[in-house]
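Order of the sequence lines sets the chain letters (A, B, ...), proteins ahead of strands, with each chain counted from 1.
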Amino acid sequence: MTRLSSYFLPTEREPPADAEALSHKLMVRAGLIRQVGAGLWSWLPAGWRVHQRVVQIVREEMNAIGGHEMLMPVLQPAELWRRSGRYGIEELFKLKDRREADLVLAMTHEEVVTTHVAAAVKSYRDLPLILYHFQVKERDEPRPRAGVLRTREFIMKDSYTFDRDAETLEVSYQKHVIAYDRMMDRCGLEWYRVEADVGMMGGTGAHEYMAPCPAGENHVVLAGGYAANLEVASGEPQPVALEPALDAPEVVPTPGMTTIEAVATELGLPHGALLKAFPIVLDGDEMRLVMLRGDHRVNEIKLRTALGTDFRPAHPDEVTARLGPPGYIGPVGAQMPILLDDGVATGGYVTGANQPDAHLRGVEPGRDFRFERVDVRAVMPGDTINGATIRIEPAIEVGNIFKLGTRYSKPLGATYLDDAGHEQLIWMGCYGFGPARAAAAAVEQYADEAGISWPQAIAPFDVELVTLGKAGTEERAFADGLYGELQELGLEVLYDERDAGPGEKFIDAELLGCPLRVTIGRRTLGAGEVEVQLRRGRETTSVLIEDAAEEIAALWREQP
RNA sequence: CGGGGCGUAGCGCAGCCUGGUUAGCGCGCAAGCUUUGGGUGCUUGAGGUCCCCGGUUCGAAUCCGGGCGCCCCGACCA
């Protein structure tokens, strides 16, 4: 029974003062979620219905590829995480029990699931396996934000695959591609499957499922058939006009000009005719000088991948000691390996001279300094990929799929005996999906001035039935009957029979955003009609009262 | 980790700079009348540890110190 007069749906006229993202504002205003603390949210009844609908879609698609649902604990012994080498992760919540034993609140479940599989799986005959669960995940986020988009505690579907080798892992991975494509479609989202960073811990391939929307924290790069996270995207830069070649580098005085902007303006050159020097210090304390075009920016994730190790930008005193005054450093004469970005074409460039108040012009890579080629720049609007101009869109990462390889099976001892009786490591994959993010993305993608407009499959209710008549009126009697009939047809109905004005009811209904709003008023009823508003587009139509329920159900089935 | 901002009724805010009776406003809430197809109008009313602790002062929402909490931007995000 979901009669609004006795339901818990606290709507607000105004959004919370500190809300920024559209989904944050609307989900609070519509009475779907409430904040408990930074990055900690309660799901109120209507919001939880949305969440559960997403969960059910995900569950059905996981089962369809042979997944087996299970459940693993959030609270876990620290020992497991020490063994996998993840105990040091800053985002991992750590705590002690009363006996001072170290415990963690799990952020994912690779350690536990791998331990179970390691203990139980003996033979190649036991593989492959797809295991999954929905569970609360805990992450000590440096900065929770945007309502339910980035929280410290959230429910995630995690699945894990166990295979004999890289080849069969690929099969399990492709099954997930199919399942995830369907999940995103069924949730009614606009989405892209993009190439993703595999991270420092290895892994042999990864994709992310991105839902484009303004509040997205990630950026997807799109060009023709190409789709990648900005973190890994590569492209061809727009060409830049260089100065005429010189026989040898030539010093130009540039007093006080320590920025690309200042030097380019002084010399009347485009930013791209300069080379930017980015000095870094590797984990082992060695220095490197990364050179890229003046109008380009370093993509630190690509750089980290290219280096194969972590790094930090060099401190000013390190720069002064090893190269020259910050703002004037360059590759010529630098006593350290130089990494030259792929975006730098051959030709003469302006670079720092490694001495105060001076730059060099006519510097040619190769002739004037030795280098190693790397692809470490962030692509930018105007770049092309296979001839197609890229565009960059903000997006929410709703899901990700990842080939782990033997990252966890090795430290946790997950092996099997192959058909020749030899012990082999199990090849794993992991696959995450965030229902809360799917819901928030849907809010972002389809909201209008009046509020949320849910995709049909994940709306809190299929129909919001609004009666304008008070108890005892003919309209109310008709609406009561229609409420029952719609439910008998299998529709989930929210029945607004509150003693409130029509304006208030309409505004609340449109804020909540169920696909159909059915209005029973004296005027339309007298005309033998029932009014139906299609929330997407807010157009109104009407059906005859004789078979109103069936007609409404038919309309509902047509909704996006 | 760096920068900025906020904390006063359920929600949104004013008051603070320049200390001084019962701390205000809008919305919401309760009651009555009114209205009944787009937050109707009027009347009455309830509702507050002014984030917490300490200090200054005759007197602190207001000034000072410390703490806690929350938001935004950037960094970070296995």
Side-chain angles (χ1 to χ4, degrees), chain A residues 10-21 24-25 28-29 31 34-41 81 84-92 106-111 137 139-147 149-152 154 158 196-203 206 208 215 217-218 229 231 298 300-301 304-305 310 312-313 396-397 400 402-405 407-408 411 428 430 432 434 449-451 466-473 475-476 496 498-511 517-527 529-531 533 538 540 542:
Chain A
T11 56
E12 296 290 343
R13 193 181 290 239
E14 297 185 65
D18 50 24
E20 198 67 26
H24 181 184
K25 291 178 182 172
V28 171
R29 283 190 57 209
R34 282 294 184 271
Q35 184 166 23
V36 176
L40 301 171
W41 290 84
W81 291 69
S84 69
R86 293 211 295 175
Y87 190 64
I89 294 176
E90 279 192 73
E91 283 73 28
L92 183 65
M107 47 199 295
T108 58
H109 285 71
E110 281 84 355
E111 283 79 2
K137 311 282 169 170
R139 293 189 188 176
D140 194 356
E141 286 287 345
R143 184 153 99 81
R145 61 177 289 273
L149 235 43
R150 186 168 207 84
T151 56
R152 293 194 290 178
F154 56 97
D158 258 331
D197 182 37
V198 294
M200 286 286 295
M201 297 309 273
E208 289 164 338
E217 307 186 275
N218 286 272
N229 193 312
E231 294 174 352
V298 171
E300 298 199 4
I301 292 168
R304 199 162 282 131
T305 305
D310 209 355
R312 59 171 172 83
I396 298 176
E397 180 189 350
N400 68 284
F402 195 99
K403 294 178 205 168
L404 287 168
R407 163 72 184 84
Y408 292 93
M428 293 175 55
C430 68
E449 325 76 59
V466 175
T467 172
L468 302 181
K470 285 189 165 180
T473 61
E475 304 93 89
R476 173 64 71 89
D496 187 355
R498 293 175 300 171
D499 181 17
E504 189 176 346
K505 292 186 174 189
F506 294 152
I507 283 167
D508 273 353
E510 285 161 26
L511 177 60
R517 186 191 80 204
V518 174
T519 309
I520 310 299
R522 190 191 305 161
R523 206 172 68 197
T524 46
L525 204 58
E529 293 177 341
V530 169
E531 177 188 303
Q533 186 206 49
R538 283 204 284 168
T540 297
S542 56

**Prompt:** Among rC72(B), rG12(B), rA78(B), which nucleotide sits nearest the side chain of Tyr408(A)?
**Reply:** rA78(B)

**Message:** So Glu510(A), base contact, sugar-phosphate only, or nothing? Heavy-atom distance under 4.0 Å.
**Reply:** base

**Asked** Can you tell which of rG38(B), rC72(B), rG37(B) lies closest to the side chain of Glu20(A)?
**Response** rC72(B)

**Message:** Regarding Gly521(A), tell me which of base, sugar-phosphate or nothing describes its non-hydrogen contacts under 4.0 Å with the strands shown.
**Reply:** base

**Prompt:** Is Lys505(A) touching bases, backbone alone, or none of the nucleic acid, heavy atoms closer than 4.0 Å?
**Reply:** nothing

**Request:** Check whether any side-chain N or O of Arg13(A) sits under 4.0 Å from OP1 or OP2 of rG28(B), and answer yes or no.
**Result:** yes

**Message:** Using a distance-only criterion (donor-acceptor N/O pair, under 3.5 Å, no hydrogens), is the base of rG37(B) paired with the side chain of Thr519(A)?
**Reply:** no

**Pairwise 5' ranking along RNA chain B for Gly147(A) and Ile301(A), keeping only the more 5' one** = Gly147(A)

**Request:** Return the value, rounded to whole Å, for the distance between atom CG of Asp18(A) and atom P of rC73(B).
**Result:** 12 Å

**Prompt:** Quantified in whole Å, what is the P atom distance between nucleotide rG26(B) and nucleotide rA9(B)?
**Reply:** 16 Å

**Message:** Say we look at rC13(B) and rG7(B): how far apart would their C1' atoms be, to the nearest angstrom?
**Reply:** 13 Å

**Prompt:** Looking across every strand, which nucleic acid part, if any, lies under 4.0 Å from Ala196(A) by heavy atom: base, sugar-phosphate, or nothing?
**Reply:** nothing

**Message:** Distance check needed: rC72(B) P versus Lys25(A) NZ, whole Å only.
**Reply:** 11 Å

**Asked** Is there a side-chain contact between Leu468(A) and Arg522(A) (heavy atoms, below 4.5 Å)?
**Response** no

**Prompt:** Taking CD from Glu475(A) and C1' from rU36(B), how many angstroms apart are they, rounded to a whole number?
**Reply:** 10 Å

**Message:** Given the structure, check if the side chain of Glu504(A) and the base of rG37(B) hold any donor-acceptor pair shorter than 3.5 Å.
**Reply:** no

**Message:** Please pick, from rC70(B), rA78(B), rG38(B), the nucleotide with the shortest atom-to-atom distance to any side-chain atom of Arg86(A).
**Reply:** rA78(B)

**Request:** Determine the Euclidean distance between corresponding C1' atoms of rA30(B) and rC72(B); express it in Å to zero decimal places.
**Result:** 38 Å

**Message:** In whole Å, I'd like the distance from the CG atom of Asp496(A) to the P atom of rG38(B).
**Reply:** 15 Å

**Prompt:** Under a 4.5 Å cut-off applied to non-hydrogen side-chain atoms, are Pro142(A) and Glu91(A) in contact?
**Reply:** yes

**Message:** At 4.0 Å (heavy atoms only), tell me whether Gly469(A) reaches a base, stays on the sugar-phosphate, or touches nothing.
**Reply:** nothing

**Request:** May I ask you to verify whether the side chain of Glu14(A) and the base of rG12(B) hold a donor-acceptor pair under 3.5 Å?
**Result:** no

**Prompt:** Do the side chains of Val466(A) and Val518(A) get nearer than 4.5 Å, heavy atoms only?
**Reply:** no

**Prompt:** Below 4.5 Å, heavy atoms only, C-beta onward: do Asp140(A) and Arg152(A) meet side chain to side chain?
**Reply:** yes

**Item:** Asn229(A)-Glu208(A) side chain donor-acceptor pair, cut-off 3.5 Å
**Value:** yes

**Asked** Between rG39(B), rC76(B), rC73(B), which nucleotide has the shortest distance from any of its atoms to the side chain of Ile507(A)?
**Response** rG39(B)

**Between Thr108(A) and Arg86(A), a side-chain donor and acceptor under 3.5 Å** = yes

**Prompt:** Which part of the nucleic acid, if any, lies within reach of Thr524(A) when heavy atoms closer than 4.0 Å are counted: base, sugar-phosphate only, or nothing?
**Reply:** base

**Message:** Give me the distance, rounded to whole Å, that separates rG54(B) from rU44(B) when you measure between the C1' atoms they each carry.
**Reply:** 43 Å

**Request:** Name the closest nucleotide to the Pro502(A) side chain, picking from rA78(B), rG37(B), rG26(B).
**Result:** rG37(B)

**Between P of rA78(B) and CG of Asp158(A), the distance in whole Å** = 14 Å

**Prompt:** Of the nucleotides rC76(B), rC13(B), rC70(B), which has the atom closest to the Pro142(A) side chain?
**Reply:** rC76(B)

**Message:** I need the CD1-C1' distance between Ile520(A) and rG38(B), as an integer number of Å.
**Reply:** 17 Å

**Request:** Write down the distance separating the C1' atoms in rG4(B) and rG41(B), rounded off to the nearest Å.
**Result:** 44 Å

**Request:** Assign Arg34(A) to base, sugar-phosphate, or nothing according to its heavy-atom contacts below 4.0 angstrom with the strands shown.
**Result:** nothing

**Distance, C1' atom - from rU8(B) to rG24(B), rounded to whole angstrom** = 10 Å

**Asked** With rounding to whole Å, what would you report as the distance between rG66(B) and rC27(B) at their P atoms?
**Response** 41 Å

**Request:** Round to a whole Å and report the spacing from CD of Glu141(A) to P of rC71(B).
**Result:** 12 Å

**Item:** Polar side chain donor-acceptor pair, Glu111(A) to Ser84(A), under 3.5 angstrom
**Value:** yes

**Prompt:** Do Glu217(A) and Arg145(A) have side chains that get closer than 4.5 Å, going by heavy atoms?
**Reply:** yes

**Request:** Would you mind classifying the nucleic acid contact of Pro16(A) as base, sugar-phosphate or nothing, using non-hydrogen atoms under 4.0 angstrom?
**Result:** sugar-phosphate

**Request:** Using Watson-Crick or G-U wobble geometry with both distances below 3.5 Å, tell me the partner of rA30(B), or none.
**Result:** rU44(B)

**Under 4.0 angstrom between Gln35(A) side-chain N/O and rC71(B) OP1 or OP2** = yes

**Request:** Please determine if Glu449(A) and Arg538(A) form a salt bridge, counting it only when a charged side-chain N lies under 4.0 Å from a carboxylate O.
**Result:** yes

**Message:** With a 4.0 Å cutoff (strictly under), does any side-chain N or O of Arg143(A) reach OP1 or OP2 of rA75(B)?
**Reply:** no

**Item:** Assigned partner base of rG54(B), Watson-Crick or wobble definition, under 3.5 Å
**Value:** rC64(B)

**Fill in**
Separation of rC29(B) atom P from Glu12(A) atom CD, nearest Å, is 10 Å

**Request:** Find the partner of rA9(B): check Watson-Crick (N1-N3 plus N6-O4 or O6-N4) and G-U wobble (N1-O2, O6-N3) distances, both under 3.5 Å, and reply none if neither fits.
**Result:** none

**Prompt:** Between Arg538(A) and Trp41(A), which has a closest nucleotide on RNA chain B that is more 5'?
**Reply:** Arg538(A)

**Asked** What integer number of Å spans the P atoms of rC51(B) and rU62(B)?
**Response** 8 Å

